[in-house]
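Worksheet: one structure, shown below.
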Number of protein chains: 2
Amino acid sequence: MVAAATRQQIVEAADRLFYERGFEATSFADIAGTVGLSRGNFYYHFKTKDELLDAVITHRLLKTRSMLDGWEAKAEAPDERILSFVNLLIVNQTKIMAHGCPVGTLCGELAKLDHIAKSRAAELFDLFRHWLSRQFRAFGREAEADALAMHILMRSQGVATLAAAYCDEIFVRNEVENMRAWLAAQRPGTPVFPETHSQQHS
Amino acid sequence: MVAAATRQQIVEAADRLFYERGFEATSFADIAGTVGLSRGNFYYHFKTKDELLDAVITHRLLKTRSMLDGWEAKAEAPDERILSFVNLLIVNQTKIMAHGCPVGTLCGELAKLDHIAKSRAAELFDLFRHWLSRQFRAFGREAEADALAMHILMRSQGVATLAAAYCDEIFVRNEVENMRAWLAAQRPGTPVFPETHSQQHS
DNA sequence: TAGGTATTAGGACAATTGACCTAGAAGCGT
DNA sequence: ACGCTTCTAGGTCAATTGTCCTAATACCTA
């Protein structure tokens, strides 16, 4: 097999395992077992674990950028695009309830480890942040675009954390509904509109 | 020294290190070095690392319960009590920006490790959840009390996660202000009141 | 002070980790 | 078929992990 393909397999396996088990808890042996390679052979593709982590983050950055570009290419209204982001909580519900948000948990782990790659992992947040900011600007909330982007990013992180702690999909649906209502209330020129709270939660 | 005192020292050192570095990344040697004990002596106090984790969680449950009881003992209005919870984000800002929320990050790590103690760590969330729920009931939002409690818990988790990723205290202050406004809007019988968004965020 | 219990230090243990080396297999252009 | 580069398997290495044992010390009671 050509090196680039093997490398890609390794990165994708590491991507999944870093998400499911965490960076530190995933060993080279785990990834080797998944890919079907010998342990020792890793050194040919990645000199250190940090180098592998860097490749995984780069891979995630590319995947994320391409997803966001895809959403932006669609001829949708900006608020509908923002809803695409919110809907990630529903689309990836099962994984999120099991392992949290891939971005949030990675940044959290790297923060605790005081790892050099922490700032690079935070670029994943930046991708969402600036994309959301752009949508809010197009939405007509130029001045507050970044704060609104941070707000919705914050909410999705909070939902993901509690979803993983409680494994409660009704809560997730409920809060996604709240985010939709909140977003509707952000339309500029809309008369005052209180944030509603659906109460289907058990 | 009496065993109970040493045990307490160990638990408190482990509590801090588990928070700052994470459960897995903290070794017995780290804790021993902090407390000033020999590594081997640990086995006398805790047979396994899981037993130590359990003691740490128990310790956190007691600390948290006592904090919440203290807030509830004060003759305050329920919404002011809820603000005490929100203010934790300000009071512990430095630590949160460095290591995230102690509860959220522990639950997240244990979820990834598929650890038996995960549900016990989630009891920490339950403590806050039920306490907040009680305040919202006293606030006159009987029917939606639990959903409102989960909502504010979710927000504090989201703020903590992004605070750790961005180390941005303006963001924290901004979102705390938003939570205050949101809370004011939850007063029953209050005319519609839109969630405001302060825009001091850089 | 004597005797027994409670507590400690220091080290041994196997297992696992990331890192690294080397011999050789596989692939490819000539 | 040749030679050269690319790639791989298996193993070694020191360090660190949680666990566990044992001899010695500290402490308290009688």
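In what follows, every chain begins at residue 1, and chains take the letters A, B, ... in the order their sequences are listed.
- Side-chain contact check for D30(B) and S27(B): at least one donor-acceptor pair (N or O, by modelled atom type) lies under 3.5 Å.
- Separating the CD1 atom of I10(A) from the P atom of dC7(D) is a distance of 11 Å, rounded to the nearest angstrom.
- The pair E177(A)-R180(A) counts as a salt bridge, with a side-chain nitrogen and a carboxylate oxygen less than 4.0 angstrom apart.
- Judged purely by distance below 3.5 Å, without hydrogens or angles, the side chains of H115(A) and D50(A) pair a donor atom with an acceptor atom.
- In this structure, the side-chain contact (heavy atoms from CB on, under 4.5 Å) partners of L61(A), at least two apart in sequence or on a different chain, are I57(A), R65(A), R120(A), E123(A), L124(A), L127(A).
- Minimum atom distance to the side chain of Y44(B) is reached by dT7(C), of the listed dA9(D), dT7(C), dC7(D).
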Check your understanding: Hey, mind stepping through F85(A) and F128(A) against ring pair (Phe, Tyr, Trp, His ring centres under 6.0 Å) and telling me if it holds?
Key -> CA-CA 9 Å; F85(A) 169 77; F128(A) 287 106; 5.5 Å; yes
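- One interatomic measurement links the two molecules: CD of E51(A) to C1' of dA19(C), which rounds to 12 Å at whole-angstrom precision.
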Exercise for review: Any chance you could list the contact pattern along nucleotides 15-21 of chain D? Use B for base contacts, S for sugar-phosphate-only contacts and - for none, protein heavy atoms under 4.0 Å, 5' to 3'.
Suggested key: --SSBBB
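- Side-chain contact, R134(A) with H130(A): no donor N or O sits under 3.5 Å from an acceptor N or O.
- Using a 4.0 Å cut-off, some side-chain N or O of T6(A) falls inside it from OP1 or OP2 of dT8(D).
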